[in-house]
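Here's the structure we're looking at; comments come further down.
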Amino acid sequence: MGNTSSMLTQYDIEEVQEHCNNTFSQQEIVSLYQRFCQLDRNSGGFISADEFLSVPEFAVNPLSQRLFRMVDGLNFKEFVAFLSAFSSRATLQHKVEFIFKVYDFDGNGKVAFSDLLDVLRDLTGQFISEQQRELVLTHVLEEAGYKKDSLLVLSDFMKILGNTDLKMEVEVPVD
């Protein structure tokens with residue numbers, strides 16, 4: 001499975017399915033493998049951030065710089081695990097964990113006001129001022145029972161997002 005020029009065996013497919021908690025069907029995994037092989041232009045068995053840039057939707061995503069950190073150097077199994085948060089079969093917990101990783105840029109297990117502000121800045125660009133961003137973020141935190149100096153952990157994200165209907169889904173085309 002490390003060499004992208006080889007074909008997936010039934011064992012490989014089942015192993016990947018188990019690794020991603022059955023969020024993708026076997027057909028979807030085969031389709032994802034074909035896409036992985038297309039992205040892995042140098043056939044090294046890994047996808048670099050540069051290779052991910054060839055996906056137009058990824059390249060124009062306002063959070064692409066944050067996502068690069070998460071995708072650079074993924075092998076196929078890790079690639080599927082990364083995408084599993086976007087499966088319609090992914091649990092809310094799995095989706096919230098993914099979102100938390102996007103916000104926790106330094107990987108310290110805590111999200112500070114500045115981390116939240118950085119993501120909001122990436123998402124809004126020049127459309128709103130820094131002062132407006134800080135005001136909105138302070139208000140949202142206060143509504144959720146937190147202060148500007150709070151350090152949020154994963155359980156806080158679950159508390160805040162746990163009652164929402166997150167629609168983070170992509171469709172995997174199957175042949």
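Side chains included, hydrogens not; waters and symmetry mates left out as well; all remaining heavy atoms used. Here, residue 1 is the first one in the sequence, and each next residue gets the next number.
Cluster membership for Leu123 and Leu117, using ILVMFWY side-chain heavy atoms within less than 4.5 angstrom, is shared. Residues Leu53 and Met70 share a single hydrophobic cluster, defined by chaining ILVMFWY side chains whose heavy atoms lie under 4.5 Å apart. There is a path of hydrophobic side-chain contacts, each under 4.5 Å, that joins Leu63 to Val96. At a threshold of 4.5 Å between side-chain heavy atoms, the hydrophobic network of Ile, Leu, Val, Met, Phe, Trp and Tyr places Ile160 and Val153 in two separate groups. When the side chains of ILVMFWY residues are joined at heavy-atom separations under 4.5 Å, either directly or via intervening members, Leu151 and Leu137 end up in two distinct hydrophobic clusters.
Contact check for Asn75 versus Glu78: side-chain heavy atoms found under the 4.5 Å cut-off. A heavy-atom distance below 4.5 Å is found between the side chains of Phe79 and Phe52.
To the nearest 0.5 angstrom, Leu116 atom CG is 11.0 Å from Arg121 atom CZ. To the nearest 0.5 Å, atom OG of residue Ser31 and atom CZ of residue Phe24 are 10.5 Å apart. Annotation: the span from Ile47 atom CD1 to Arg35 atom CZ amounts to 8.5 Å, rounded to 0.5 Å. Atom CD1 of Ile29 and atom CG of Leu83 lie 11.0 Å apart (nearest 0.5 Å). Going from atom CD of Gln27 over to atom CG of Leu32 covers 11.5 Å, rounded to the nearest 0.5 Å. Between Ser54 atom OG and Leu39 atom CG the span is 5.0 Å, to the nearest 0.5 Å.
Surrounding CD of Gln10 are more than 12 heavy atoms belonging to other residues, nucleotides or ligands, all under 6.0 Å away.
Ser87 places no side-chain N or O within donor-acceptor distance of the main-chain N or O of Ser84, the cut-off being under 3.5 Å. A side-chain donor-acceptor contact under 3.5 Å links Arg69 to the backbone of Phe105. Of the possible donor and acceptor atoms, none in the side chain of Lys110 sits under 3.5 Å from a partner among the backbone N and O of Leu152. Judged by distance alone, with hydrogens and angles left aside, the side-chain atoms of Glu142 form no donor-acceptor pair with the main-chain N or O of Lys147 at under 3.5 Å.
Through direct or indirect side-chain contacts shorter than 4.5 Å among Ile, Leu, Val, Met, Phe, Trp and Tyr, Val140 is connected to Val136.
In this structure Asp104 satisfies the side chain to side chain contact (heavy atoms under 4.5 Å, CB included) test together with Phe100, Asp106, Asn108, Val111, sequence neighbours excluded. Partners of Glu28 by salt bridge (Lys or Arg N to Asp or Glu O under 4.0 Å), not counting sequence neighbours, listed by chain and number: Arg89. Among residues two or more places apart in sequence or in another chain, the side chain to side chain donor-acceptor pair (under 3.5 Å) test is passed with Thr23 by none. In this structure Ser129 satisfies the side chain to side chain contact (heavy atoms under 4.5 Å, CB included) test together with Gln131, Gln132, sequence neighbours excluded. Evaluation of the salt bridge (Lys or Arg N to Asp or Glu O under 4.0 Å) rule for Arg66 yields Asp118, Asp122 as partners, not counting sequence neighbours. Scanning for side chain to side chain contact (heavy atoms under 4.5 Å, CB included) contacts around Ser48 gives Asp50, Glu51, Asp72, with sequence neighbours left out. Not counting sequence neighbours, the partners of Phe98 by the ring pair (Phe, Tyr, Trp, His ring centres under 6.0 Å) test are Phe82, Phe86. Residues satisfying the salt bridge (Lys or Arg N to Asp or Glu O under 4.0 Å) test with Lys148, not counting sequence neighbours, are Glu134. Partners of Gln93 under the side chain to side chain contact (heavy atoms under 4.5 Å, CB included) rule, at least two apart in sequence or in another chain, are Thr91, Glu97, Leu154, Met158.
In summary, the side chains of Gln34 and Gln38 do not present any donor paired with an acceptor at a separation below 3.5 Å, with no hydrogens or angles considered. In the model, Asp40 has no side-chain atom that pairs as donor or acceptor with a side-chain atom of Ser43 under 3.5 Å.
Residue pairs meeting the ring-ring contact (aromatic ring centres under 6.0 Å, His included) criterion with at least one partner in residues 126-147, sequence neighbours excluded, are absent.
For Tyr33 and Phe76, the gap between ring centers is short of 6.0 Å.
Salt bridge Glu15/Lys77: present, at least one basic N to carboxylate O contact under 4.0 Å.
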